[in-house]
Amino acid sequence: MSYWLVKSEPETYGWHQFIQQGRAVWDGVRNYQARNNLMAMQPGDLVLFYHSVTKPAVVGLARVVRGAYPDPTVTKVPNRWVVVELEPVLALDKPVSLGQIKADPRFAAIALIRQSRLSVMPVRPDEFDRILELGTLVDGDQ
DNA sequence: GCCAACGTTGGC
DNA sequence: GCCAACGTTGGC
């Protein structure tokens, strides 16, 4: 099983809309590195859902429910682009902000910082665990 | 194949 | 709104 992070601008497609729809076809990716990451996703892989631009933060967790297939929104031949399908798993109790991630030395190598413009990227297991830990309320919080 | 110009992403 | 990073396009 692998871990991933996907970015979305909340004004275009936000976590709230994702929850309401219950499932998302992750289309519109037009960068080869991001596409290659989509192609490596397998059903069951876990995906951090990140809001970019306004209040940048990881806001929730999703799961891959269908692996890569050709992007149906592309009409040009040959179609070089793919989509995956995602469903929500849980909202984080507390969004984990980009500022928090940048401030934590455990995230020194995270692709989110090192390749700030990439929209679909792998996340290491230790990074994934740490983000869930930061995003989860425990006794003593609040 | 190189590189300048230009467009896009995304943080601040 | 600005700008850094970086991907793409097109002239040569």
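Chain letters run A, B, ... following the sequence lines, proteins first, then strands; residues in each count from 1. Nothing here was measured: the structure is a model prediction, and the numbers come from that model.
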Got a list of side-chain donor-acceptor pairs under 3.5 Å for residues 80-90 of chain A, not counting sequence neighbours?
from: A:E85; atom 1: OE1; to: A:R23; atom 2: NE; distance (Å): 2.9
from: A:E85; atom 1: OE1; to: A:R23; atom 2: NH2; distance (Å): 2.7
from: A:E85; atom 1: OE2; to: A:Y69; atom 2: OH; distance (Å): 2.4
from: A:E87; atom 1: OE2; to: A:R63; atom 2: NH1; distance (Å): 2.9

- For A:K102, side-chain contact (heavy atoms from CB on, under 4.5 Å) partners two or more places apart: A:L98, A:I113
- Item | Salt-bridge contact A:R130-A:E127 (side-chain N to carboxylate O under 4.0 Å) | no
- Specify whether A:F18 and A:F49 have parallel, tilted or perpendicular ring planes, treating 30° as the upper limit for parallel and 60° as the lower limit for perpendicular. parallel
- Are side-chain heavy atoms of A:L134 and A:K94 found at a separation under 4.5 Å? no
- Go along nucleotides 5-12 of chain B 5' to 3' and tag each nucleotide: B for a protein heavy atom under 4.0 Å from its base, S when only backbone or sugar atoms are that close, - otherwise. --BBBSSS
